Amino acid sequence: MISEKPRVRFAPSPTGYLHVGGLRTALYNYLFAKHNNGKFILRIEDTDRNRFVEGAIDNLVESLKWCGLEYDEGPGSSDKFGPYLQSQRLHYYKTFADELIEKGKAYYCFCTPERLDKLREEQQRLKLPQAKYDKHCLHLSKNEIDENLHKGLSHVIRLNVEADKKIIFNDIVRGQVEFNSNNVDDQVLIKGDGYPTYHLANVVDDHLMQITHVIRGEEWLSSTPKHVLLYDFFEWEKPIFAHLPLLLNPDRTKLSKRQGDVAVEDYRKKGFLPDALVNFVALLGWNAGDDKEFYNMDELVEKFSLERVNKSGAVFDLEKLNWLNSEHLRQKPDLELLQFLKKEAQKLNINFQDFSDDYLLKIINVMKERVIFINEYFTKSKFFFEAPNAYEQAAIDKNWKSETPDELNKLCEAFAALMDPAKEDFEKALTITAETLNIGKGKLIHPLRLAVSGLSVGPGVFDILFILGKNESIKRIKTALHKIKKDDH
RNA sequence: GGCGCGUUCGUCUAGUGGCUUAGGACGCCGCCCUCUCAAGGCGGAGACCACGGGUUCGAAUCCCGUACGCGCUACCA
């Protein structure tokens with residue numbers, strides 16, 4: 001029987017980066033494991049030597065870690081179930097393939113790629129419903145096989161699939177799925193180079209590593225009959241299967257590089273929080289059955305269940321990711337944002353020495369509700385870090401009247417008289433000035449905003465004034481008075 | 001072509017036979033708040049539940065068929 005504590009694995013091939021679809025698969029495995037007090041295992045399926053990518057594993061592990069998915073067993077962990085790289089487990093696959101040959105459930109095949117190509121062509125020409133290997137080498141005599149082996153002929157080992165058998169298995173997401181063995185090819189189990197194919201390796205390792213639940217992408221559903229056959233031939237207990245729906249491009253094709261970013265590191269570079277990415281990806285194919293959409297990892301672990309995974313593919317929609325990012329950003333304590341801000345400044349090569357934590361914290365306080373990404377603290381409120389050197393033309397046209405300079409000068413006088421002003425003091429001074437001049441406050445506020453920030457949008461002006469301080473504010477107003485007069489016309 | 005899987009607002013989804021004139025979220029539009037922009041509050045447009053047949057007193061929900069989409073069809077995973 002399946003033990004109470006599940007053991008699940010995320011088994012990517014190391015292609016060089018973590019695909020967001022892979023992240024979703026990894027996440028569901030992780031959530032399922034943690035929800036049930038089980039183990040989350042990372043196994044590297046590196047049995048294709050042609051696809052070897054230097055540093056791919058480190059990159060994969062790094063991306064998983066960034067997302068908060070730490071594995072219990074995997075590369076680098078010394079556990080009795082290791083090693084966790086399939087390229088280091090070759091002896092297992094060979095041993096078990098031999099066992100299958102002895103049982104008559106697999107056989108040597110010496111067919112050349114040329115013959116296989118020709119066979120396939122022929123089958124296509126005849127419009128045969130299913131292109132399959134013709135079991136040519138199954139009928140080799142023991143002597144012929146030994147002779148070929150002695151001669152060192154290149155060979156593979158194939159699965160011996162019996163005709164006219166129903167292959168039925170249960171899938172948590174899809175229910176009962178049924179195949180006819182006539183549609184299952186005599187799959188290569190061990191390749192010419194001695195490496196196993198995915199099909200053999202994944203079954204052997206899942207068994208050896210005592211994997212209880214195979215949670216993987218829907219693209220594997222069609223080859224699951226081969227795996228079921230292998231479990232049966234070995235007389236091993238089958239794991240429980242759960243095939244996840246695919247992640248799609250906006251045009252509903254399988255999510256691909258061509259139509260946008262697919263690597264987790266791309267989203268990291270763009271400034272997304274791991275919390276937001278994880279939250280977003282979790283909701284692509286799963287929900288708890290209620291209206292909740294904002295989750296942190298702990299809540300996901302608590303609520304997740306495979307039974308509530310959807311069947312149909314989900315489009316990866318950036319709009320919602322953006323929204324979640326702003327929500328998660330807003331959720332962060334100010335002190336944490338301060339650290340993010342400093343890190344971002346380093347990345348953008350902005351000199352931060354002149355700005356105290358206290359100053360930055362004030363900026364965070366007023367900008368928090370206005371940013372989706374950390375870097376927007378700089379792109380949207382650059383004026384906190386340097387005086388504006390240009391002023392929005394549309395705002396000049398709209399709010400900078402001929403009487404404005406005189407009015408702003410009066411305002412400067414009022415500001416200059418203030419002693420260590422708080423936000424409210426600036427506001428009071430402005431109100432009084434407006435009353436004295438007998439004009440509406442807006443006549444002062446809009447040009448003022450433009451003068452101190454160069455922009456027509458942003459936090460409240462009095463917040464800006466307070467953060468900038470009296471002297472800097474007055475200096476900027478004077479500069480604007482000078483520049484806008486000159487630049488005008 | 002064969003086999004398999006899927007199909008509820010533009011997108012993510014709720015819905016497991018009567019509670020549904022199909023609910024929420026993102027996005028979009030409008031109003032309120034307001035010094036601007038956000039945030040927030042309120043409201044709106046937006047889904048003949050792919051289509052066609054059944055079953056049932058009653059179906060988005062069960063069954064069958066069709067269409068469309070996607071996946072697999074390698075000595076790739």
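Residue numbers begin at 1 in each chain, while the letters A, B, ... track the order of the sequences. Everything quoted here is computed from the prediction, not taken from an experiment.
Not one side-chain nitrogen or oxygen of A/Arg252 sits closer than 4.0 Å to the OP1 or OP2 atom of B/rG6.
Residue contacts shown for A/Gln124 are absent, as no nucleic acid heavy atom lies under 4.0 Å away. Within 4.0 Å (heavy atoms only), A/Val156 reaches at least one base atom of the nucleic acid. Among the heavy atoms of the strands, none lies under 4.0 Å from A/Gly217. A/Val315 comes within 4.0 angstrom of the backbone, heavy atoms only, and of no base. Here A/Thr15 lies out of heavy-atom contact (under 4.0 Å) with every strand.
Relative to the side chain of A/Arg449, the nucleotides B/rA39, B/rA77, B/rU36 differ in distance, and B/rU36 lies closest.
Pairing for B/rG1 is with B/rU73, a Watson-Crick or G-U wobble pair whose two hydrogen-bonding atom distances lie under 3.5 Å. Figure legend. B/rG10 is base-paired to B/rC26; pairs are counted as Watson-Crick or G-U wobble with both atom distances under 3.5 Å. Figure legend. B/rU20 is base-paired to no nucleotide; pairs are counted as Watson-Crick or G-U wobble with both atom distances under 3.5 Å.
In the interface, the side chain of A/Arg370 is paired with the base of B/rC37 through a donor and an acceptor atom under 3.5 Å apart. For a distance-only test at 3.5 Å, the side chain of A/Lys311 fails to qualify as a donor-acceptor partner of the base of B/rC5. Side chain A/Lys320 to base B/rA25: a donor-acceptor pair is found below 3.5 Å.
Comparing B/rG10 with B/rC28, their C1' atoms are spaced 10 Å from each other, to the whole Å.
Under a 3.5 Å cut-off, the side chain of A/Asn29 and the backbone N or O of A/Ile215 do form a donor-acceptor pair. In this structure, the side chain of A/Asn325 engages the main chain of A/Leu273 through a donor-acceptor pair within 3.5 Å.
With rounding to the nearest 0.5 angstrom, the CG atom of A/Leu189 is 11.0 Å from the NZ atom of A/Lys94.
Summarising the local packing, CD of A/Glu54 is surrounded by 12 or fewer heavy atoms from other residues, nucleotides or ligands at distances under 6.0 Å.
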